[in-house]
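Below, each value reflects all heavy atoms present in this structure, side chains not excepted, and no hydrogens, waters or symmetry copies. The first residue in the sequence is number 1, and the count goes up from there.
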Amino acid sequence: RWVLRPVRELDEASTAIGAGRLEARAEALRGPPELRRMVASFNDMADVVVRTLRRQRTFVSDASHQLRNPLLSLRLAVDNLAPYVAPDGRAFHDDAVHEAEEMGRILDSLLALTRVDTAGAAPRPVPLTDSVAPHAAGWRATLDRAGMRLDVQLPDVWVLAPGDGLGHVLDELVGNAARLSGGSLVEVRAVVADGTVEVHVRDDGAGLAAAEREQAVERFWRGRGQQNVAGTGLGLAICREVVEAAGGQLDLLAAEPRGLDVQIRLARAE
């Protein structure tokens, strides 16, 4: 027990840190000298990693906040120039307004990404229908504005969902379908398999090619023909990181006969 206790504590601490509890440390006061030194080295390494992560997150968050005021001033200045722009300069003025708006969206996405990284949320059991139901009204309003219909069919099961909320992930996926798909219908469905629940957000729009589906979950990726559509290319990347933090998996599939099928695979909970 004297030899194995520090090994067990080291294993428990490493498992806890892997699950997102970054404050976990192993006890270095018991056991053989070699194991005590190894435990102390592990704790020092964990401290360095945590400090590095916090500095990175703080930098992104502070930079995003500090850029807001100059960006707002720039946007107001560009807007105030509108009455003085000659007709042949309208296109350039519109481009400047568009770029300022795009910078604002990027800052918002960076802040959202920082919140996701900071959460490091472990999965927790939630009822699928009850956790998603409050978001359905917002989906319908979004799709109504896009001239699309919504079909929601979810079974009464419990899943291990992301700590930041499965509903917010689905908000992003439904919003993407409304803005980008060009279809007429969005389906939100779930399939219960052995030990897992597959949640699908499927549209009947243009879809993505196989190569594009592989790239679409990378940060800042924008598809062909989407450069002038509102968005930053961070939404799917954030969704994937949130789902994976809960031990799940997010995949982009081709819908039949056409469209895009975003599949979220989560563990089933009792």
Side-chain angles (χ1 to χ4, degrees), residues 18 20 53 56 60 102 105-117 119-121 123 132 139 142-143 146 148 151 159-268:
L53 287 174
Q56 180 186 30
V60 175
E102 186 70 11
R105 286 191 289 268
I106 290 175
L107 290 181
D108 291 338
S109 297
L110 287 173
L111 288 173
L113 192 59
T114 302
R115 288 192 293 269
V116 170
D117 288 341
V132 171
W139 300 345
T142 299
L143 293 173
M148 303 176 69
D151 182 14
V159 296
L160 290 177
D164 275 26
L166 178 60
H168 296 301
V169 172
L170 296 179
D171 286 345
E172 177 67 23
L173 300 181
V174 173
N176 281 351
R179 290 186 298 108
L180 306 173
S181 71
S184 60
L185 173 67
V186 174
E187 299 177 336
V188 181
R189 301 172 180 263
V191 178
V192 180
D194 293 337
T196 63
V197 177
E198 295 179 357
V199 181
H200 296 262
V201 178
R202 184 185 297 115
D203 64 68
D204 61 351
L208 295 173
E212 292 179 318
R213 293 198 299 272
E214 293 180 1
Q215 298 173 339
V217 292
E218 302 298 329
R219 298 185 183 187
F220 298 109
W221 182 86
R222 301 295 299 275
R224 298 193 311 271
Q226 298 177 4
Q227 302 305 316
N228 295 323
V229 180
T232 61
L234 277 171
L236 277 177
I238 294 175
C239 291
R240 183 184 66 170
E241 294 188 18
V242 170
V243 170
E244 290 181 351
Q249 182 177 339
L250 185 147
D251 296 301
L252 303 186
L253 310 173
E256 295 296 338
R258 64 193 302 266
L260 181 66
D261 181 5
V262 184
Q263 173 186 276
I264 300 173
R265 183 177 300 161
L266 299 169
R268 185 174 181 179

### Task
Could you give me the CA-CA distance, side-chain angles and deciding distance for Trp139 and Val188, then say whether side chain to side chain contact (heavy atoms under 4.5 Å, CB included) is met?
CA-CA 10 Å; Trp139 300 345; Val188 181; 4.0 Å; yes
#### Entry: For Val192 against Arg268, the heavy-atom pair lying closest together
CG1-NH1, 3.2 Å
### Query
Could you state the interatomic distance from CG (Asp203) to CG (Asn176), rounded to the nearest 0.5 Å?
10.0 Å
### Task
Sequence neighbours left out, what pairs pass salt bridge (charged side-chain N to carboxylate O under 4.0 Å, His left out) with at least one residue falling in residues 251-260?
none
#### Entry: Minimum heavy-atom distance between Gln249 and Val243, given as atom pair plus value
N-CG1, 3.4 Å
### Query
Looking at Ala178 and Ala146, what are the two nearest heavy atoms and their distance?
O-CB, 3.7 Å
### Query
Could you state the interatomic distance from CZ (Arg189) to CD (Glu198), rounded to the nearest 0.5 Å?
14.0 Å
### Message
As a test of understanding, state which of Ile264, Leu170, Leu260, Asp261 forms a side-chain contact (heavy atoms from CB on, under 4.5 Å) with Val201.
### Response
Leu170
### Query
Can Val159 and Val199 be said to form a side chain to side chain contact (heavy atoms under 4.5 Å, CB included), step by step?
CA-CA 10 Å; Val159 296; Val199 181; 5.9 Å; no
### Summary
For Glu214, the side-chain contact (heavy atoms from CB on, under 4.5 Å) test, sequence neighbours excluded, returns none
### Query
Looking at Ser181 and Met148, what are the two nearest heavy atoms and their distance?
OG-CE, 3.5 Å
#### Entry: Heavy-atom closest pair, residues Thr196 and Arg265
CB-CG, 4.2 Å
### Message
The criterion is side-chain contact (heavy atoms from CB on, under 4.5 Å); which residues satisfy it with Leu185, sequence neighbours excluded?
### Response
Arg149, Asp151, Glu187, Asp204
